[in-house]
Enquirer: 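Dropping a structure here in structure tokens format, bear with me for questions.
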There are 2 protein chains.
Amino acid sequence: MTTIRILLVDDHLVVRTGLKALLGTQEDLDVVAEAGSGEEALSAVAASSPDVVIMDLAMGPGMDGIAAIKALRADNPRQPILVFTTYDSDADIVRSVDAGAMGYLLKDAAPEEIFAAVRGAVAGRSHMSAPVASRLFAQLRNPEAVLTPREAELLTLLTQGLSNRELGRSLFISEATVKTHLAHIYAKLGVETRAAAIATAIRREGMR
Amino acid sequence: MTTIRILLVDDHLVVRTGLKALLGTQEDLDVVAEAGSGEEALSAVAASSPDVVIMDLAMGPGMDGIAAIKALRADNPRQPILVFTTYDSDADIVRSVDAGAMGYLLKDAAPEEIFAAVRGAVAGRSHMSAPVASRLFAQLRNPEAVLTPREAELLTLLTQGLSNRELGRSLFISEATVKTHLAHIYAKLGVETRAAAIATAIRREGMR
DNA sequence: CTCCGCCTCAGCCATTTGGCTGATACGGCC
DNA sequence: GGCCGTATCAGCCAAATGGCTGAGGCGGAG
């Protein structure tokens with residue numbers, strides 16, 4: 001049995017240490033490199049060409065996890081990448097899978113689940129924690145609730161606290177159009193006011 | 001030199017493992033118990049009476065970190081407690097100190113800082129990570145920007161997406177009063193609209 | 001006791017937002 | 001070619017929001 005060589009990417013030393021300790025209990029798993037940022041991750045992959053990359057999404061200033069995944073995939077499209085993060089926001093999940101992640105683990109996952117996901121990733125199998133999977137299924141069940149690109153763009157600005165006038169100016173569209181988009185967004189999010197939309201978006205969609 | 005007996009409280013096994021590994025490198029520090037929830041923390045303290053409790057604030061369902069601190073302090077007012085968390089939100093900092101925490105560490109703190117904080121806590125010294133301290137100082141510099149209890153209460157409901165009418169009903173006050181409070185809140189947060197207030201509150205004050 | 005901060009409420013008015021209906025245009029799909 | 005989803009815009013009207021001034025009660029600090 002060949003050992004699986006792993007790169008850990010997380011901006012918290014404590015998390016890296018803990019993960020390394022847990023993975024170290026398995027004979028076939030070996031952490032060969034660590035990175036504290038997206039930039040470091042890129043050079044670490046180039047230097048040690050790991051079998052699997054385990055990456056946190058939230059990573060302080062600079063390149064975030066999604067961007068790092070994309071960059072890694074651009075260099076090597078077959079590099080298996082596992083997302084390992086605290087939150088299961090719809091937006092993060094979709095963007096991660098979109099960026100090319102092989103799996104999506106939550107930080108409260110049981111060690112066995114993590115081990116299985118790592119081994120599976122090398123074998124080409126993808127894995128998601130149960131709460132993550134159920135969220136994805138929920139999205140698939142009512143695709144009409146998925147925001148269009150333009151709506152998502154508008155929602156992002158909305159959560160910055162912009163008024164309709166400002167939204168129009170920022171996106172080079174009229175206020176009328178802004179109102180149309182907003183009405184659609186409200187319907188899809190299941191809310192009736194801008195305030196609730198912002199609250200929902202920041203909490204549920206992970207727009208921070 | 002007597003060894004310092006530590007209780008770790010964090011709902012993530014990975015974090016507990018990492019922290020234990022880091023603390024284990026120090027001869028005088030010994031993790032004698034772990035807890036994955038506030039409830040577990042209470043019985044763990046009763047069972048092993050640690051010298052220091054290191055506690056995460058965010059802890060899944062059930063009792064949160066703040067409540068756990070209060071409960072611990074109620075049982076034993078001299079129990080040193082260190083908060084160890086990811087975010088440095090104003091609200092969390094103030095509430096932690098208020099609840100009786102001896103220190104406030106961020107999860108990206110250097111190991112040496114964590115060790116020093118633990119040893120200091122036992123000796124009766126309090127410690128806060130630099131970003132945390134600067135936030136507290138900022139609050140002290142302009143006390144007029146601190147929300148009154150009633151305003152904070154209103155802001156919490158505001159971030160749930162309630163309308164003025166609903167806010168009034170929830171707090172048993174007239175809409176006129178709601179508007180007065182809101183005007184004060186906007187001024188203190190440095191925003192001009194409800195939307196911006198919600199965005200600011202959720203992101204900066206940590207109202208999730 | 002007096003002053004001040006906090007909480008409460010009222011009225012007025014300008015602006016913003018939300019709900020509605022309807023319309024044009026473009027691109028992909030069958 | 002026709003249909004559908006997306007994006008764009010208009011006009012109208014009701015409701016919600018924000019800015020302003022003013023004011024009463026109440027409790028703590030000086």
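Because only heavy atoms are used, hydrogens play no part in the values below, and waters and symmetry mates are left out as well, while side chains stay in. Not measured: the values here are computed from a predicted model.
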Enquirer: Check this one for me: any side-chain N or O of Asn164(A) less than 4.0 Å away from OP1 or OP2 of dT16(C)?
Expert: no
Enquirer: Rounded off to whole Å, could you give me the NZ-to-P distance for the Lys179(A) and dC13(D) pair?
Expert: 13 Å
Enquirer: Using whole Å, what does the distance between atom P of nucleotide dC9(C) and atom CD of Glu175(B) come to?
Expert: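 For the pair Glu175(B) CD and dC9(C) P, the rounded distance is 11 Å.
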Enquirer: Where the side chain of Ile173(A) is concerned, which of dC9(C), dT8(D), dT6(D) is the nearest nucleotide?
Expert: dT8(D)
Enquirer: Could you state the CG-C1' distance from Leu154(B) to dG18(D), rounded to the nearest angstrom?
Expert: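 Taking atom C1' of dG18(D) as the reference, CG of Leu154(B) is at 15 Å.
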Enquirer: Over all strands shown, is Glu192(B) touching base, sugar-phosphate only, or nothing at heavy-atom distances under 4.0 angstrom?
Expert: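 Touches sugar-phosphate only.
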Enquirer: Any side-chain N or O of Thr177(A) under 4.0 Å from OP1/OP2 of dA7(D)?
Expert: no
Enquirer: Any carboxylate oxygen within less than 4.0 angstrom of a Lys/Arg side-chain nitrogen, looking at Lys107(B) and Asp56(B)?
Expert: yes
Enquirer: Using whole Å, report how far CD1 of Ile198(A) lies from P of dT17(D).
Expert: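 Distance, rounded to whole Å: 12 Å.
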Enquirer: Quick one: is Thr148(B) getting a side-chain N or O under 4.0 Å of the dG5(C) phosphate, OP1 or OP2?
Expert: no
Enquirer: Between the side chains of Glu153(B) and Arg150(B), is the shortest nitrogen-to-carboxylate-oxygen separation below 4.0 Å, so that they form an ion pair?
Expert: yes
Enquirer: Nearest-Å distance, CG (Leu182(A)) to P (dC20(C))?
Expert: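 So the two atoms are 15 Å apart, to the nearest Å.
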Enquirer: Under a plain distance cut-off of 3.5 Å, with no hydrogens placed, do Thr177(B) and Thr180(B) share a side-chain donor-acceptor pair?
Expert: no
Enquirer: The side chain of Thr193(A) is closest to which nucleotide in this list: dA7(D), dG18(C), dG18(D)?
Expert: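 Of the options given, the side chain of Thr193(A) lies nearest dG18(C).
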Enquirer: Given atom CD of Glu153(A) and atom P of dT6(D), what is their separation to the nearest angstrom?
Expert: 15 Å
Enquirer: In this structure, how many angstroms lie between the C1' atom of dG18(D) and the CZ atom of Arg165(B), rounded?
Expert: 16 Å
Enquirer: Just N and O in the side chain of Arg194(B): are any of them under 4.0 Å from OP1 or OP2 of dT17(C)?
Expert: no
Enquirer: Of all the choices, dC9(C), dG18(D), dC9(D), which nucleotide is nearest to the side chain of Ala176(A) once you look at every atom?
Expert: dC9(D)
Enquirer: Using a 4.0 Å heavy-atom cut-off across all strands, classify Thr180(B) as base, sugar-phosphate, or nothing.
Expert: base
Enquirer: Can you tell me if Arg150(B) touches the phosphate of dT8(C), counting only side-chain N or O atoms and a distance under 4.0 Å to OP1 or OP2?
Expert: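 Checking dT8(C) against Arg150(B), a side-chain N or O does come within under 4.0 Å of OP1 or OP2.
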Enquirer: Apply side chain to side chain contact (heavy atoms under 4.5 Å, CB included) to residues Leu8(B) and Leu23(B) and explain how you reach the verdict.
Expert: CA-CA 11 Å; Leu8(B) 296 184; Leu23(B) 294 170; 4.0 Å; yes
Enquirer: Return the value, rounded to whole Å, for the distance between atom CZ of Arg169(A) and atom P of dC9(D).
Expert: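 Whole-Å distance recorded here is 14 Å.
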Enquirer: Taking Glu113(A) for its side chain and Ala109(A) for its backbone only, find out whether a donor-acceptor pair lies under 3.5 Å.
Expert: no
